[in-house]
Amino acid sequence: MLRRLGLMFLLLSVALLTGGCWDSQELNTLSIISATSIDRNNGKWEISFQVVIPQSIATQTGGGSAGSQSPTTIFSTKGRSIAEAMQNASLETSRKLFFAHNSVLILSEEVARQEGVGEILDFFLRPFESRETMSVLLTKGKASNLLEVLIPLEKISGNAIQRIIDLSQKNLSMVQNMRLIDFARMIASPDESAMAPELEVSGDLTKQSSLDALKKTRNEAVIKLGELGIFRKDKLVGWISQKDSSSVAWLSDRVSSMMVVFPCSTKAQKEQLISYRVMKSSTKLEPKVIHGKSIIFAKIQATGAIDEAGCNLDLKQPSVIRELERTISKQIGDDVMTTWSHLQGMNVDLGGFMNAIHRKDPATWRKLMKSKRPIEDISLRVQVKINIEHTNMITKPYSSLLKDQKF
Amino acid sequence: MQKIDKYELIAMMILFLIGTTPLYELGVGAKQDAWLVVIVAMLAGLLLLLVYLFIQKGNEDRNLFEILNQHLGRILGTIVTVAYIFYFSYESMRNTREFGDIINISFLPKTPLSLLMLIMILLSAYAIFKGTEVFFRVVEFLLPFTIFGYFLIFLMFIVSKNIHLERLQPVLEHGIMPVIREAIPKVISFPFGEVVVFLAFWKHLNNKKNLSKLSIFSYLFVGILLLIFNLLNLTILSPQILSITTLPMLRSVRLIEIADFLERLDPVIILLIYIGIFVKMTAFYLGAVIGLSYLIKISHKKLTIIVGAFIYTISFAAPNFIYHTWIGFTRNLMYDFPVFQIWIPLGLAAVVMMKRLFSRKRKRTRGT
């Protein structure tokens, strides 16, 4: 009997002890953050959070319809450190900020240029709750503005932004979704410069931040991806254009799908263009030392199809196709070389050149690293091999049918 | 007399050696060559294992403490036994404290550490209460789940495309010396040299013919498993990020994102880690209990409570987790643990060998 009582007591006490009541978190006491932005204001960090309002997204399915309440709300708080700014949010929110679903981190150019991102990365890598898979983005203006823009079709714009990046990474390849952990790794890597895509608002921001904007069919403002921000150490040093970022994608073997637009022939008029869609590609960097000089041979290979042809060419002829392949190769090669000279001018390494040398030939790498601008001591040789697999559902360009028509 | 089956021994050795190890990046001081450190330490540890097996072979029906007293004499034997009891308790406490702090860092930041550790010690004490045989059977039961769990995570790393093998290059950038310096004695002491505690259990194996084969097989199996997870962390996180990460495996697992819904798998890895920690801390705890039972003749249950209370008390010795890991990695692994894992067993093996030689000689002289 006494044994049983003792056992009962033990079971009860275990049930009490293992309830985990210290760390209970009820859903209705949390405010779930979907996006975060960081600005500097009068020497203080200014953090803005986009918080999801559960009531307004729970009712209807399908996003973007103009309900009575905005789907998200934004808090801005200030502090001497990022953590302090976070803590100060408790002064104005009724619920505990919950970070685990934050999918986007937007930094303003000012922060990235002057403060550097070291402290920010430390803060976001440290807590258990914060996810290292969130996307890092830059913006030229005030970062918190981007959180205000309502995006049609989507309720929570933080998630929408991440989907925009994902999609353009898949279809355009020039943008890369920079996960926080990849960004941190690139910044920390001795051989790599980090980069992050720019997000911008085009149009009238103030009108698109009200729910009334969603009542119209044409948006007053949209969020879109822009240039590519380049870092040296942990500081932003410059931007490169979208054209350059495509070349960077070629060099770093990240092209999964891309449209290459080029003139039919060198003699043809400028308006006569052909669009070539890359479907598969691979790039190999091979560092070599020839006569004491480091040379990187980049071998780019791509397979794709003609998506649009605006000039009169007999696309049935292998010789014509071969000519086109040569034109595309030359254009990609030239683009890559232009970008290469830009990168050399900025003294940044986006293509993984130093990494390639370091991995293959540490001795040369050590020699190069002694120089102040090691990238300038390397030369690049590009070899592009393009394959046009097919021309889709029509062969000769449609315009060839019009050539001899009188009426 | 308690009996252990061969499968139970294999399961025990595997889970014991997994322990907390996947959580840490062994040999991260050698940067991208950390995986070579594991290989070097594994091979060096294999030599140690052979020494332990040699000691056991000569004294088939005795455990570590009986062997110590048999060969070193009463006074020295008792002193070394007491030292081993303290060593085993300390190792058990290290695992307890580590897991308590990991839970505090990750899932339950506000739950008191004292309570987390109390629950763990009670669980281990319960297993030991039931005796060596029961504990080994529990471990045999846990093995398939653990191996399956780790295998699943391994698969998911591949599917989620987080692995970048090129991050392992350049191999041996600064030569072989940094690798060896990292491996010896640090990675030998943790986890490979910890097998020394099995000297307290081996005598229970029902068929001792297979002892060496089974032990070496399980040891190599774990070695390869640890090597794979070491490689995974390196290729997923890169040496730079690894060098500042508290719990690398936990971080790597959080990067798994498959099809927009299979993500945040950290609870799975914590569960797997706990299985390892439970086995390891209980094994050391049991080692200490067996040692004490040799010195003091009181009931098994009382001994369990005494040792458990002792382990629980010393688990508060470190003022914080930082001090705890610092003293573990810079002091214990370098200077303290090798005494118990390398020097004393080597000395003991030497004594055993000398005795065997002398007795053989004596036999021979008597024969002529």
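Just so we're on the same page: letters track the sequence lines, and every chain starts at 1. The structure presented is a predicted model; accordingly, all values stated were derived computationally and were not measured.
Summarising the local packing, CZ of A:R126 is surrounded by 12 or fewer heavy atoms from other residues, nucleotides or ligands at distances under 6.0 Å. More than 12 heavy atoms of other shown residues, nucleotides or ligands fall within 6.0 angstrom of atom NZ in A:K360. At most 12 non-hydrogen atoms from other residues, nucleotides or ligands lie less than 6.0 angstrom from NZ of A:K280. More than 12 heavy atoms of other residues, nucleotides or ligands lie within 6.0 Å of CZ in B:F316, so this atom counts as buried by the packing criterion. For A:M8, the CE atom counts as loosely surrounded, since its 6.0 Å shell holds 12 or fewer non-hydrogen atoms of other residues, nucleotides or ligands.
Applying the side chain to side chain contact (heavy atoms under 4.5 Å, CB included) test between A:I181 and each of B:L237, B:I236, B:N162 identifies B:L237 as the sole match.
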Problem set entry | Residue pair A:N355, B:R167: steps toward the side-chain hydrogen bond (donor to acceptor under 3.5 Å, both in side chains) verdict | CA-CA 9 Å; A:N355 252 333; B:R167 285 184 195 150; over 6 Å; no
For this session: Could you go through the side chain to side chain contact (heavy atoms under 4.5 Å, CB included) check for B:E257 and A:R131 one step at a time?
Result: CA-CA 11 Å; B:E257 278 180 311; A:R131 299 175 71 149; 3.9 Å; yes
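In this structure, CD in B:E166 is found 5.0 Å from CZ in A:R359, a value given to the nearest 0.5 Å. Note that CD of A:E129 and OG of B:S106 are 12.0 Å apart. Values are rounded to the nearest 0.5 Å.
The contact list for residues 263-281 of chain B toward chain A, using heavy atoms and a distance under 4.5 Å, reads B:E263, B:R264, B:D266 by residue number.
The residue among B:P239, B:S238, B:P170, B:P112 with the most heavy atom pairs within less than 4.5 Å of chain A is B:P170. Counting heavy-atom pairs closer than 4.5 Å to chain A, the top residue among B:L247, B:I241, B:I244 is B:I241.
The shortest non-hydrogen separation linking B:R251 to A:L125 is NH2-O, 2.7 Å.
In this structure, the side chains of A:P362 and B:H174 stay at 4.5 Å or more apart for every pair of heavy atoms.
Between the side chain of B:R254 and the backbone N or O of A:F128, at least one donor-acceptor pair lies under 3.5 Å.
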